[in-house]
Enquirer: 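Here it is, the structure in full.
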Amino acid sequence: MARLVMSLFPVVAIALSILWAAKVEGAVMLPQPVKLEWHYYKVHNTCDDAEVYIRHQLTNFWNQDKSITPKLVRLLYSDCFVTGCDASILLEGENSEKTAAQNRGLGAFVIIDKIKQVLEQYCPGVVSCADILNLATRDALRLAGAPAYPVFTGRRDGMKSTRESVDLPLPSISFDQSLAYFKSKGLDLQDMVTLLGGHSMGRTHCSYIEDRLYNFKNTRKQDPSMNSTIANQLRKLCPPRTKKGQSDPLVFLNPKSGSNYRFTNSYYLRINTHEAVLGVDQQLLYGDTSTLELVNEFAAGFEDLRQAFALSMSRMGSINVLTGKEGEIRRTCDSTNANNHNNI
């Protein structure tokens with residue numbers, strides 16, 4: 001399939017580079033995000049090496065713990081899909097976004113906090129936590145084998161974070177509900193199919209797949225769309241939850257290679273063989289013709305996924321961004337400047 005979405009947006013030709021030893025790895029056409037700029041901190045001479053500092057710190061963390069990649073991807077998704085890419089998910093508080101039920105188990109906060117501490121030493125009050133989260137996620141994905149993609153910068157940080165604002169859906173929603181949710185954020189079918197591919201890595205709680213294993217749609221049977229072999233394997237890891245306070249184990253979204261934390265197109269192969277762990281993922285097999293074309297295209301090879309992923313990550317990172325005089329540049333990522341008692 002030719003890049004159908006590309007024709008729908010005004011585009012600019014840019015080099016697909018992550019400045020990994022200043023090596024240009026390829027080229028891709030991406031839409032210029034509204035209000036954001038390519039290498040914002042270098043262009044404005046405010047922190048020329050911001051992206052270098054972020055990449056260096058992130059690489060050190062990744063070398064110690066490969067699982068930070070899916071953690072950062074989920075953290076970015078949980079930020080951008082709520083009030084926009086404003087780092088509001090990073091704010092602490094009794095009623096903050098991170099306290100919402102949908103955000104249970106979120107991680108990688110300490111990584112963003114530590115990268116911010118380094119940047120504050122070199123460029124105090126300049127680089128936003130929102131940009132750090134976007135850039136660090138890009139770099140972690142690249143280390144895990146995902147395609148490189150440009151991150152436009154210049155975001156500012158939000159000043160509000162509430163549990164009530166979190167509308168993230170559960171992973172058992174239908175195909176139509178999932179597509180409607182993505183569209184409500186300004187994204188489309190290709191973005192949905194592409195971004196869900198991030199589930200080639202990471203883990204999920206058994207409680208999110210319990211219905212598929214034991215009582216699909218109140219039938220007291222397993223989800224008929226789930227491969228029986230994978231269902232049996234998961235039942236051994238996820239016993240029925242019959243007692244209050246019972247543990248809720250984590251299982252890999254890709255049981256065969258999950259502990260490797262590598263980004264591949266295996267997600268789409270598993271959909272075709274009915275081995276998707278989450279219901280929202282398996283539902284892609286029952287979408288319309290365009291959905292099936294995308295799934296089969298990405299399952300057949302990595303190149304089309306590479307280009308689609310670059311576009312969709314850029315689009316997600318541009319949702320409701322704050323720029324100019326909007327928001328602020330936090331001194332620490334877990335607190336607004338007004339509530340930061342370390343400020344002088």
Side-chain angles (χ1 to χ4, degrees), residues 66-67 69-71 73-74 77 101-107 144 168-182 192-289 291-300 305:
K66 305 295 189 293
S67 73
T69 301
K71 291 175 183 177
V73 171
R74 184 185 171 200
Y77 161 79
Q102 299 98 311
N103 287 328
R104 179 172 62 119
L106 275 183
L168 300 172
L170 293 175
S172 57
I173 60 175
S174 68
F175 171 85
D176 289 338
Q177 290 172 323
S178 180
L179 182 57
Y181 183 73
F182 272 77
M192 181 183 79
V193 177
T194 303
L195 293 174
L196 285 176
H199 290 165
S200 65
M201 304 174 293
R203 300 188 294 175
T204 189
H205 283 283
C206 286
S207 56
Y208 288 134
I209 60 172
E210 184 179 22
D211 59 330
R212 298 195 73 203
L213 298 176
Y214 299 105
N215 190 26
F216 184 68
K217 294 184 176 179
N218 296 316
T219 61
R220 297 185 181 278
K221 298 179 181 180
Q222 78 168 58
D223 183 346
S225 70
M226 179 179 278
N227 177 287
S228 58
T229 299
I230 191 68
N232 289 332
Q233 293 173 355
L234 289 170
R235 274 193 285 268
K236 293 177 182 178
L237 301 171
C238 299
R241 292 166 55 80
T242 59
K243 300 177 182 178
K244 186 177 181 180
Q246 184 174 336
S247 63
D248 190 6
L250 288 164
V251 294
F252 285 109
L253 294 173
N254 188 345
K256 291 181 180 179
S257 62
S259 60
N260 294 329
Y261 294 105
R262 298 296 295 173
F263 182 95
T264 69
N265 65 339
S266 62
Y267 168 84
Y268 304 97
L269 296 169
R270 293 178 65 81
I271 290 174
N272 281 331
T273 55
H274 298 268
E275 295 181 275
V277 173
L278 295 176
V280 67
D281 296 332
Q282 194 59 64
Q283 287 292 318
L284 294 183
L285 195 61
Y286 305 103
D288 57 18
T289 301
T291 306
L292 293 176
E293 287 179 354
L294 285 167
V295 170
N296 290 330
E297 178 185 3
F298 296 159
L305 175 60

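The basis for the numbers below is simple: all heavy atoms, side chains too, and nothing from hydrogens, waters or symmetry mates.
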Enquirer: Let me confirm one number: the OG-NE2 distance from S266 to H199, rounded to the nearest 0.5 Å.
Expert: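 Spacing of OG (S266) from NE2 (H199) equals 12.5 Å.
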
Enquirer: Less than 4.5 Å apart, side chain to side chain, heavy atoms only: is that true for N254 and R262?
Expert: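 N254 vs R262: side chains apart.
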
Enquirer: With side chain to side chain contact (heavy atoms under 4.5 Å, CB included) as the test, would you mind laying out the steps for C206 and V251 before giving the verdict?
Expert: CA-CA 7 Å; C206 286; V251 294; 3.9 Å; yes

Enquirer: D211 side chain to N215 main-chain N or O, any donor-acceptor pair under 3.5 Å?
Expert: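 A pair under 3.5 Å: no.
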
Enquirer: Looking only at heavy atoms, what is the nearest atom pair of G197 and Y268, with distance?
Expert: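 G197 and Y268 have their closest heavy atoms at CA-OH, 3.3 Å.
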
Enquirer: Between F298 and V193, does a side chain to side chain contact (heavy atoms under 4.5 Å, CB included) hold up when you go through it step by step?
Expert: CA-CA 9 Å; F298 296 159; V193 177; 4.1 Å; yes

Enquirer: Within a strict 4.5 Å, meaning less than it, do heavy atoms of the Y267 and L253 side chains meet?
Expert: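 Counting from C-beta outward, Y267 and L253 never come under 4.5 Å.
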
Enquirer: Run the side chain to side chain contact (heavy atoms under 4.5 Å, CB included) check on S225 and L285 step by step: do they pass?
Expert: CA-CA 9 Å; S225 70; L285 195 61; over 6 Å; no

Enquirer: Evaluate the side-chain proximity of P249 to L237: yes if any heavy-atom separation is below 4.5 Å, no if none is.
Expert: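 Result no, sub-4.5 Å side-chain heavy-atom pair not found.
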
Enquirer: For A231 and Q222, work out which heavy atoms get closest and say how close.
Expert: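 So the minimum-distance heavy-atom pair works out to CB-OE1, 3.4 Å.
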
Enquirer: Within 45 degrees of the axis of the six-membered ring of Y214 and under 6.0 Å from its centre: does R241 put its NZ or CZ there?
Expert: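 No cation-pi geometry.
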
Enquirer: Scan side-chain atoms only and decide if D288 and T291 contain a donor-acceptor pair under the 3.5 Å cut-off.
Expert: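 The answer is yes; a qualifying pair exists.
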
Enquirer: If you measure from CD1 on I209 to CG on L234, what distance do you get to the nearest 0.5 Å?
Expert: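 Going from CD1 on I209 over to CG on L234, the span is 4.5 Å.
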
Enquirer: Quick one: pull up OG in S207 and CG in L250 and give me the separation to the nearest 0.5 Å.
Expert: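 Spacing of OG (S207) from CG (L250) equals 9.0 Å.
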
Enquirer: Is any side-chain heavy atom of Q246 closer than 4.5 Å to a side-chain heavy atom of P239?
Expert: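 Q246 reaches P239 side chain to side chain.
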
Enquirer: Quick one: OG on S172 to CD on E210, what's the gap to the nearest 0.5 Å?
Expert: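 Going from OG on S172 over to CD on E210, the span is 11.5 Å.
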
Enquirer: Indicate yes or no: at least one non-hydrogen side-chain atom of I271 is less than 4.5 angstrom from one of Q282.
Expert: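 SC-SC contact between I271 and Q282 confirmed.
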
Enquirer: How long is the straight-line distance from OG1 of T264 back to CE of M201, given to the nearest 0.5 Å?
Expert: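 Nearest 0.5 Å value for the CE-OG1 distance: 9.0 Å.
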
Enquirer: Decide side chain to side chain contact (heavy atoms under 4.5 Å, CB included) for Y77 and L195; before the verdict, give the C-alpha distance in whole Å, the side-chain angles of both, and the deciding distance to 0.1 Å.
Expert: CA-CA 9 Å; Y77 161 79; L195 293 174; over 6 Å; no

Enquirer: Locate the shortest heavy-atom distance separating A299 from L269; write the atom from each residue and the value.
Expert: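 Nearest pair, atom of A299 first, then L269: O-CD2, 3.5 Å.
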
Enquirer: If you define the side chain from C-beta out and look only at heavy atoms, does anything of F263 sit under 4.5 Å from L305?
Expert: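 When only atoms from C-beta onward are counted, L305 and F263 do touch, with a gap below 4.5 Å.
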
Enquirer: Just verifying a value: how many Å separate D223 CG and H274 NE2, rounded to the nearest 0.5 Å?
Expert: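 One finds 10.0 Å between CG of D223 and NE2 of H274.
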
Enquirer: What heavy-atom pair brings D281 and A276 nearest, and what distance separates the two atoms?
Expert: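 Closest heavy-atom pair between D281 and A276: CB-CB, 3.9 Å.
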
Enquirer: Determine the minimum heavy-atom distance between N227 and E275, stating which atoms define it.
Expert: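 Shortest heavy-atom contact: CB-CG, 4.1 Å.
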
Enquirer: Does a side-chain heavy-atom distance below 4.5 Å link I230 with R270?
Expert: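 Yes. Closest side-chain heavy atoms under 4.5 Å.
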
Enquirer: Is there side-chain contact between R104 and Y208, with at least one heavy-atom pair below 4.5 Å?
Expert: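 Yes - at least one pair of side-chain heavy atoms lies under 4.5 Å apart.
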
Enquirer: Where do Y261 and K66 come nearest, in terms of heavy atoms and distance?
Expert: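 What the structure gives for the nearest pair is CB-O, 3.7 Å.
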
